[in-house]
Amino acid sequence: MKAVFIGPPGAGKGTYASYFSRKYCIPHISTGDIFRDEIAKGTELGEIIKKYIDKGELVPDDIVIEVVKKRLNQPDTRNGFILDGFPRTLNQAKALDEITQIDVAVYIYVPIEIAIERLSNRYICPKCHRIYNLKFNPPKNDLRCDYDGEKLIRRPDDEPEVVKNRYKVYYEQSHPVIDYYRRKNLLIEVDNSSSAEIVVVLLEKTLIERGILKLKPCNPNVSIR
Ligand code: ADP
(Lines give C-alpha, C1' and ligand atoms only; values in the text may rest on other atoms or scores of the structure.)
Protein backbone atom coordinates (compact mmCIF):
# COMPACT_ATOMS: atom_id res chain seq x y z
CA MET A 1 0.00 0.00 0.00
CA LYS A 2 1.40 3.35 -1.06
CA ALA A 3 -0.43 5.87 1.11
CA VAL A 4 -0.23 9.52 2.04
CA PHE A 5 -1.77 10.67 5.34
CA ILE A 6 -2.76 14.31 5.19
CA GLY A 7 -4.69 16.71 7.41
CA PRO A 8 -4.24 19.60 9.83
CA PRO A 9 -1.70 19.69 12.68
CA GLY A 10 -2.75 17.56 15.63
CA ALA A 11 -5.37 15.56 13.69
CA GLY A 12 -3.66 12.22 14.35
CA LYS A 13 -1.73 11.46 11.14
CA GLY A 14 1.33 10.25 13.03
CA THR A 15 -0.65 7.96 15.36
CA TYR A 16 -2.43 6.15 12.51
CA ALA A 17 0.63 6.03 10.25
CA SER A 18 2.61 4.42 13.08
CA TYR A 19 -0.13 1.79 13.61
CA PHE A 20 -0.23 0.67 9.96
CA SER A 21 3.54 0.78 9.71
CA ARG A 22 4.02 -1.52 12.74
CA LYS A 23 1.19 -3.89 11.81
CA TYR A 24 2.06 -4.31 8.10
CA CYS A 25 5.84 -3.68 8.22
CA ILE A 26 5.93 -0.84 5.73
CA PRO A 27 7.96 2.29 6.50
CA HIS A 28 6.33 5.27 8.17
CA ILE A 29 7.94 8.25 6.50
CA SER A 30 7.24 11.44 8.43
CA THR A 31 8.88 14.51 6.95
CA GLY A 32 8.44 16.21 10.35
CA ASP A 33 10.38 13.38 12.09
CA ILE A 34 13.10 13.43 9.43
CA PHE A 35 13.50 17.19 9.88
CA ARG A 36 13.53 17.01 13.70
CA ASP A 37 16.25 14.31 13.51
CA GLU A 38 18.34 16.54 11.23
CA ILE A 39 17.97 19.44 13.68
CA ALA A 40 18.87 17.23 16.67
CA LYS A 41 21.98 15.96 14.86
CA GLY A 42 22.98 19.53 13.99
CA THR A 43 23.46 18.79 10.29
CA GLU A 44 23.75 21.45 7.60
CA LEU A 45 20.18 20.64 6.49
CA GLY A 46 19.04 20.87 10.13
CA GLU A 47 20.49 24.39 10.40
CA ILE A 48 18.66 25.51 7.27
CA ILE A 49 15.24 24.12 8.15
CA LYS A 50 15.17 24.96 11.87
CA LYS A 51 14.18 28.58 11.30
CA TYR A 52 11.10 27.56 9.28
CA ILE A 53 9.94 24.85 11.70
CA ASP A 54 10.38 27.00 14.81
CA LYS A 55 8.04 29.61 13.32
CA GLY A 56 5.49 27.07 12.09
CA GLU A 57 6.30 27.90 8.45
CA LEU A 58 6.68 25.28 5.73
CA VAL A 59 10.14 24.14 4.70
CA PRO A 60 10.67 25.19 1.03
CA ASP A 61 9.32 22.71 -1.54
CA ASP A 62 12.64 22.00 -3.28
CA ILE A 63 14.24 20.86 0.01
CA VAL A 64 11.28 18.67 1.06
CA ILE A 65 10.86 17.08 -2.37
CA GLU A 66 14.55 16.16 -2.52
CA VAL A 67 14.40 14.56 0.95
CA VAL A 68 11.29 12.52 0.08
CA LYS A 69 12.64 11.46 -3.32
CA LYS A 70 15.78 10.12 -1.66
CA ARG A 71 13.82 8.30 1.03
CA LEU A 72 11.41 6.67 -1.46
CA ASN A 73 14.43 5.32 -3.35
CA GLN A 74 15.36 3.13 -0.37
CA PRO A 75 14.64 -0.59 -0.91
CA ASP A 76 12.40 -0.88 2.20
CA THR A 77 9.64 1.00 0.35
CA ARG A 78 9.24 -1.90 -2.11
CA ASN A 79 6.00 -3.25 -0.54
CA GLY A 80 4.61 0.19 0.15
CA PHE A 81 4.98 3.10 2.55
CA ILE A 82 3.02 5.66 4.49
CA LEU A 83 3.95 9.27 3.94
CA ASP A 84 2.93 11.37 6.94
CA GLY A 85 2.89 15.15 6.49
CA PHE A 86 3.77 15.03 2.80
CA PRO A 87 2.57 16.39 0.41
CA ARG A 88 1.72 19.70 2.05
CA THR A 89 1.53 21.90 -1.06
CA LEU A 90 0.17 21.37 -4.57
CA ASN A 91 3.73 21.53 -5.89
CA GLN A 92 4.73 18.68 -3.57
CA ALA A 93 1.68 16.62 -4.66
CA LYS A 94 2.59 17.08 -8.32
CA ALA A 95 6.22 16.20 -7.61
CA LEU A 96 5.11 13.02 -5.85
CA ASP A 97 3.10 12.03 -8.95
CA GLU A 98 6.36 12.21 -10.90
CA ILE A 99 8.12 9.96 -8.38
CA THR A 100 5.43 7.27 -7.94
CA GLN A 101 1.69 6.54 -8.18
CA ILE A 102 0.06 6.41 -4.75
CA ASP A 103 -2.93 4.11 -3.98
CA VAL A 104 -4.71 6.30 -1.45
CA ALA A 105 -4.73 9.67 0.30
CA VAL A 106 -6.14 9.40 3.83
CA TYR A 107 -7.44 12.76 5.04
CA ILE A 108 -7.62 12.81 8.85
CA TYR A 109 -9.39 15.74 10.46
CA VAL A 110 -10.69 17.00 13.81
CA PRO A 111 -12.26 20.29 14.91
CA ILE A 112 -9.53 22.86 15.64
CA GLU A 113 -10.39 23.09 19.38
CA ILE A 114 -9.75 19.35 19.82
CA ALA A 115 -6.48 19.55 17.89
CA ILE A 116 -5.21 22.45 19.99
CA GLU A 117 -6.07 20.61 23.19
CA ARG A 118 -4.29 17.47 21.96
CA LEU A 119 -1.20 19.41 20.88
CA SER A 120 -0.94 21.25 24.18
CA ASN A 121 -0.67 17.89 26.00
CA ARG A 122 1.51 16.10 23.42
CA TYR A 123 4.92 14.66 24.28
CA ILE A 124 7.10 12.68 21.88
CA CYS A 125 9.96 10.24 22.21
CA PRO A 126 12.95 11.80 20.42
CA LYS A 127 14.41 8.33 19.80
CA CYS A 128 11.55 6.14 18.46
CA HIS A 129 9.13 9.01 17.62
CA ARG A 130 6.22 7.48 19.56
CA ILE A 131 3.55 10.01 20.44
CA TYR A 132 2.06 10.37 23.94
CA ASN A 133 -0.62 12.60 25.38
CA LEU A 134 -0.58 13.43 29.06
CA LYS A 135 -4.39 13.40 29.20
CA PHE A 136 -5.48 10.67 26.80
CA ASN A 137 -2.47 8.40 26.42
CA PRO A 138 0.08 9.05 29.18
CA PRO A 139 3.39 7.16 29.48
CA LYS A 140 3.52 4.52 32.24
CA ASN A 141 6.61 6.04 33.87
CA ASP A 142 6.92 9.71 34.55
CA LEU A 143 7.71 11.32 31.16
CA ARG A 144 9.77 8.36 29.92
CA CYS A 145 9.04 6.39 26.74
CA ASP A 146 7.34 3.03 27.52
CA TYR A 147 9.44 1.29 24.84
CA ASP A 148 12.97 2.62 25.20
CA GLY A 149 12.96 4.64 28.45
CA GLU A 150 14.07 7.81 26.65
CA LYS A 151 13.04 11.11 28.28
CA LEU A 152 10.01 12.47 26.45
CA ILE A 153 10.10 16.00 25.06
CA ARG A 154 7.61 18.61 23.96
CA ARG A 155 7.94 19.90 20.41
CA PRO A 156 8.83 23.63 20.43
CA ASP A 157 6.32 24.16 17.59
CA ASP A 158 3.49 22.81 19.81
CA GLU A 159 3.50 26.07 21.77
CA PRO A 160 0.07 27.77 21.29
CA GLU A 161 1.41 30.78 19.32
CA VAL A 162 3.23 28.54 16.82
CA VAL A 163 0.26 26.19 16.55
CA LYS A 164 -1.89 29.17 15.48
CA ASN A 165 0.54 29.91 12.67
CA ARG A 166 0.73 26.24 11.63
CA TYR A 167 -3.06 26.29 11.24
CA LYS A 168 -2.95 29.48 9.16
CA VAL A 169 -0.28 27.95 6.92
CA TYR A 170 -2.28 24.72 6.71
CA TYR A 171 -5.43 26.46 5.43
CA GLU A 172 -3.52 28.62 2.97
CA GLN A 173 -1.13 26.06 1.52
CA SER A 174 -2.01 22.48 2.48
CA HIS A 175 -5.81 22.42 2.30
CA PRO A 176 -5.85 22.54 -1.57
CA VAL A 177 -4.03 19.18 -1.58
CA ILE A 178 -7.24 17.54 -0.30
CA ASP A 179 -9.20 18.64 -3.37
CA TYR A 180 -6.34 17.55 -5.59
CA TYR A 181 -6.71 13.96 -4.37
CA ARG A 182 -10.51 14.15 -4.25
CA ARG A 183 -10.54 14.98 -7.95
CA LYS A 184 -8.28 12.01 -8.61
CA ASN A 185 -10.70 9.79 -6.68
CA LEU A 186 -7.98 8.76 -4.24
CA LEU A 187 -9.35 10.40 -1.09
CA ILE A 188 -10.63 8.64 2.04
CA GLU A 189 -11.91 10.99 4.75
CA VAL A 190 -11.55 10.11 8.43
CA ASP A 191 -13.26 12.06 11.20
CA ASN A 192 -10.91 11.53 14.14
CA SER A 193 -12.97 13.21 16.86
CA SER A 194 -13.85 9.93 18.57
CA SER A 195 -11.49 7.44 20.16
CA ALA A 196 -8.53 6.23 18.09
CA GLU A 197 -9.31 2.58 18.94
CA ILE A 198 -12.67 2.87 17.17
CA VAL A 199 -11.54 5.06 14.28
CA VAL A 200 -8.65 2.78 13.33
CA VAL A 201 -10.91 -0.28 13.02
CA LEU A 202 -13.16 1.58 10.57
CA LEU A 203 -10.25 2.93 8.57
CA GLU A 204 -8.54 -0.45 8.29
CA LYS A 205 -11.82 -2.11 7.23
CA THR A 206 -12.39 0.52 4.54
CA LEU A 207 -8.85 0.15 3.17
CA ILE A 208 -9.20 -3.65 2.99
CA GLU A 209 -12.73 -3.63 1.51
CA ARG A 210 -11.71 -1.21 -1.23
CA GLY A 211 -8.78 -3.45 -2.17
CA ILE A 212 -6.21 -0.78 -1.24
CA LEU A 213 -4.64 -2.66 1.68
CA LYS A 214 -3.74 -6.10 0.36
CA LEU A 215 -0.78 -6.86 2.63
CA LYS A 216 -0.92 -9.56 5.31
CA PRO A 217 -0.15 -8.25 8.81
CA CYS A 218 3.39 -9.08 9.98
CA ASN A 219 2.41 -8.13 13.58
CA PRO A 220 -1.32 -8.93 13.84
CA ASN A 221 -1.73 -7.87 17.48
CA VAL A 222 -0.44 -4.33 17.24
CA SER A 223 -2.49 -1.74 19.14
CA ILE A 224 -3.00 1.87 18.13
CA ARG A 225 -1.19 3.14 21.25
P1 ADP B 1 2.20 18.43 12.21
O2 ADP B 1 1.88 18.02 13.61
O3 ADP B 1 1.97 19.90 11.98
O4 ADP B 1 1.57 17.57 11.17
P5 ADP B 1 4.90 17.61 11.34
O6 ADP B 1 5.70 16.87 12.33
O7 ADP B 1 4.33 16.86 10.17
O8 ADP B 1 3.77 18.36 12.16
O9 ADP B 1 5.76 18.83 10.75
C10 ADP B 1 6.42 19.75 11.59
C11 ADP B 1 6.99 20.90 10.76
O12 ADP B 1 7.94 20.38 9.80
C13 ADP B 1 5.96 21.67 9.90
O14 ADP B 1 5.33 22.70 10.63
C15 ADP B 1 6.87 22.22 8.80
O16 ADP B 1 7.63 23.33 9.25
C17 ADP B 1 7.85 21.08 8.56
N18 ADP B 1 7.35 20.17 7.51
C19 ADP B 1 7.01 18.86 7.68
N20 ADP B 1 6.58 18.32 6.52
C21 ADP B 1 6.65 19.31 5.59
C22 ADP B 1 6.34 19.39 4.22
N23 ADP B 1 5.85 18.35 3.53
N24 ADP B 1 6.53 20.58 3.57
C25 ADP B 1 7.03 21.63 4.22
N26 ADP B 1 7.34 21.63 5.53
C27 ADP B 1 7.16 20.49 6.22
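All ligand and atom numbering here is 1-based and tracks the order in the structure.
Remark: the S193 side chain and the D191 side chain contain an N/O donor-acceptor pair separated by less than 3.5 Å. Side-chain contact of T89 with Q173: a donor-acceptor pair under 3.5 Å is absent, judged by distance alone.
Sorted by first and then second residue, the salt bridge (charged side-chain N to carboxylate O under 4.0 Å, His left out) pairs involving residues 126-136 (not counting sequence neighbours) are E117-K135.
The ligand atoms of ligand 1 that sit less than 4.0 angstrom from a heavy atom of P9 are 3 (O). Which parts of ligand 1 touch K13 is read off a 4.0 Å heavy-atom cut-off, strictly below it: atoms 4 (O). Every atom of ligand 1 with a heavy atom of T31 under 4.0 Å away is listed here by number and element: 19 (C), 20 (N), 21 (C), 23 (N). Interface of R36 with ligand 1, defined as ligand atoms under 4.0 Å from a residue heavy atom, comprises 6 (O), 10 (C). For ligand 1 and E57, the ligand atoms under 4.0 Å from any heavy atom of the residue are 15 (C), 16 (O).
For the residues R166, R88, K51, the heavy atom positioned nearest atom 22 (C) of ligand 1 is part of R88.
Annotation: L58 places no N or O atom under 3.5 Å from an N or O atom of ligand 1; distance criterion only. The distance criterion of under 3.5 Å between nitrogen or oxygen atoms is met by Q92 with respect to ligand 1. For Y52, no nitrogen or oxygen atom sits less than 3.5 Å from a nitrogen or oxygen atom of ligand 1, counting backbone and side chain alike. Of the polar atoms of V59, at least one N or O is found under 3.5 Å from an N or O of ligand 1, judged by distance alone.
Ring geometry for Y24 versus F20: interplanar angle under 30°, hence parallel rather than tilted (30 to 60°).
Residues satisfying the side chain to side chain donor-acceptor pair (under 3.5 Å) test with N165, not counting sequence neighbours, are E57.
Remark: side-chain polar atoms of Y132 are paired, donor with acceptor, to backbone N or O of D146 under 3.5 angstrom. Put simply, the side chain of N133 gets close to the backbone of F136: a donor and an acceptor are under 3.5 Å apart.
The ring-ring contact (aromatic ring centres under 6.0 Å, His included) test with H175 singles out one residue from Y181, Y180, Y170, and that residue is Y170. Results of the salt bridge (Lys or Arg N to Asp or Glu O under 4.0 Å) test with E159 over R154, R122, K55 single out R154 as the only residue that passes.
The nearest heavy-atom contact from the protein to atom 8 (O) of ligand 1 is R155 NH2, 3.0 Å.
Using a 4.0 Å cut-off between heavy atoms, R122 contacts ligand 1 through its side chain alone, with no backbone atom that close. Of all the heavy atoms of D157, the ones lying under 4.0 Å from any atom of ligand 1 belong exclusively to the side chain. Of all the heavy atoms of V64, the ones lying under 4.0 Å from any atom of ligand 1 belong exclusively to the side chain.
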